[in-house]
There are 2 protein chains.
Amino acid sequence: MPRPARVSADRILDAAALEFSERGFAGARVDRIARRARVNKAMLYYHFSSKQGLYRVLLRRTFTLAAERIRAIAASPASPADKIDKIIAGFAAFIRERDFFPAIMLREVAEGGSRLDRETLLTLVAVPAAVAQIVQEGVARGTFRPINPLFAHLTMIAPIVFYLAAGSFLGEVGALLTHLQPLAADDFVHHMQDVMRRALAHDASPRQTS
Amino acid sequence: MPRPARVSADRILDAAALEFSERGFAGARVDRIARRARVNKAMLYYHFSSKQGLYRVLLRRTFTLAAERIRAIAASPASPADKIDKIIAGFAAFIRERDFFPAIMLREVAEGGSRLDRETLLTLVAVPAAVAQIVQEGVARGTFRPINPLFAHLTMIAPIVFYLAAGSFLGEVGALLTHLQPLAADDFVHHMQDVMRRALAHDASPRQTS
DNA sequence: GTCTATACTTCGATAGAC
DNA sequence: GTCTATCGAAGTATAGAC
């Protein structure tokens, strides 16, 4: 029984994810991707139109999966507060299943998304849209204070991406700074859930003056 | 009176900041940097040892200035809460004086700081160290709740970098999502100050159960 | 300090056999 | 579907005159 036909294409995508996340699009080398996938360059070009094309397929696939997962949470029957909790945990979990994701996302943000085609871009916008909808629902119900939904989205997503992108590097920094045990990712997720609960709660923190 | 000698070197650094922020180290082109600085390539190599060398000088200069500004705030006589406020505002102001900064920082994080030399890395670590010290002081005084200082640092810095890196791109996303007026950077700074005040405040947000 | 011309290398992509 | 060999463009860096 022969191996399934798409095996090598999948291996190429996996290798590309690694290479692009480590070096960025411009720094990635097609030769290295091929070698890592244990195919030769011609094979790569047989499956994918170009370096750009390979990159686009990878991003589209990944961002679509991420958006789906977030949308599923947003569509579930739960309180806005619970949904925010779950989105934070779900997003972190999604990343930890694919550690190539945060570095690529960071670089895309750095580039203003200029390398994303329109379709992928629209898919990706579904994530902040879902978060915004939840926030607005919470505000409408009176369980959240009034807050700019896009601000809320950035506040919860950015630290997670940073934290998980930094990975071992952050561990070194942390070792220089704290005497705490190695920073566990789960702890950070809980921290961010806590932060967002407080950020969205109807006023509880006392103002000093007036 | 002849022009000062370092004029062209400074122009090269300015051009390099732009080019590196738009394209990353690997995507940056020495020819383009030279053209943007209105010098020729040979001139660039007369002032700087290599593309790498130019990049390092740029980063060292920028990160040193950033660390100095944060340290000055940390050393000032103010309450921990005020210092956090000022660091958020000061960091955002620093970035807005150099819009090349966030994209470069994002890419460095994506790469795990592998392109920074040891000296620059140590300089940069001074920033989270300063924040951590303030947080710990607040915790010791009992004005902040116990919190991992490195978590606190990430929570406040990452969204600012994201927000200011995304710039116009975020504007488009925002236009698709909200009917609010264009997101002003000042509003976002206030938002993050608010978030951190709440995140650090001694418990005010009510827990649902138990 | 400044410029032109060019050496040398790397890299994306393809041709063409099997 | 898979491989070897190679082309041609682009890119970093330098030589050497002024």
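Values below: every heavy atom of this structure, side chains too, minus hydrogens, waters and symmetry copies. Numbers restart at 1 for each chain; the letters A, B, ... are given by sequence-line order, proteins then strands. Please read all numbers here as calculations on a predicted model, not as lab measurements.
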*At under 4.0 Å between heavy atoms, what does A/Ala28 touch on the DNA or RNA strands: base, sugar-phosphate, or nothing?*
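The answer is sugar-phosphate, as A/Ala28 gets under 4.0 Å only of primed atoms, P, OP1 or OP2.
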*Sugar-phosphate only, base, or nothing, as touched by A/Ala26 at under 4.0 Å among non-hydrogen atoms*: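 Touches nothing.
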*asked:* Using heavy-atom distances to pick each residue's nearest nucleotide on DNA chain C, tell me which of A/Ala42 and A/Asp31 is more 5'.
replied: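 It is A/Asp31 whose nearest nucleotide is closer to the 5' end.
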*Go through the steps to decide whether B/Glu108 and B/Leu116 satisfy the test side chain to side chain contact (heavy atoms under 4.5 Å, CB included), and finish with yes or no.*
CA-CA 8 Å; B/Glu108 279 309 315; B/Leu116 280 62; 2.6 Å; yes
Closer than 4.0 Å, any side-chain N/O of [X] to the OP1 or OP2 of [N]?
| X | N | value |
| --- | --- | --- |
| B/Ser8 | C/dG1 | no |
| B/Asn40 | C/dT2 | no |
| B/Tyr45 | D/dT14 | no |
| B/Arg29 | D/dT12 | yes |

*Are the aromatic ring centres of B/Phe101 and B/Phe63 under 6.0 angstrom apart?*
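When the ring centroids of B/Phe101 and B/Phe63 are compared, they turn out to be within the sub-6.0 Å range.
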*Assert yes or no for the condition that the ring centre distance of A/Phe25 to A/Phe20 is strictly below 6.0 Å.*
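Judged by ring-centre distance (under 6.0 Å), A/Phe25 and A/Phe20 do meet the cut-off.
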*Would you mind telling me which of A/Val195, A/Val189, A/Asp194 makes a side-chain contact (heavy atoms from CB on, under 4.5 Å) with A/His191?*
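Only match with A/His191 under side-chain contact (heavy atoms from CB on, under 4.5 Å): A/Val195.
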d([atom1], [X]; [atom2], [N]) in whole Å:
| X | N | atom1 | atom2 | answer |
| --- | --- | --- | --- | --- |
| A/Phe48 | D/dG1 | CZ | C1' | 14 Å |
| B/Ile12 | C/dC3 | CD1 | C1' | 13 Å |
| A/Glu19 | C/dC11 | CD | P | 10 Å |
| B/Arg11 | C/dT2 | CZ | C1' | 12 Å |
| A/Lys51 | C/dA13 | NZ | P | 8 Å |
| B/Lys41 | C/dA7 | NZ | C1' | 11 Å |
| B/Arg32 | D/dA10 | CZ | P | 12 Å |
| B/Arg35 | D/dA10 | CZ | P | 14 Å |

_For the CD atom on B/Gln133, are there more than 12 heavy atoms of other groups (residues, nucleotides or ligands in this structure) within a distance under 6.0 Å?_
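Incorrect, the count does not exceed 12.
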*Of the nucleotides D/dG1, D/dT12, C/dG1, which one has an atom closest to the side chain of A/His47?*
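For the A/His47 side chain, the nearest candidate turns out to be D/dG1.
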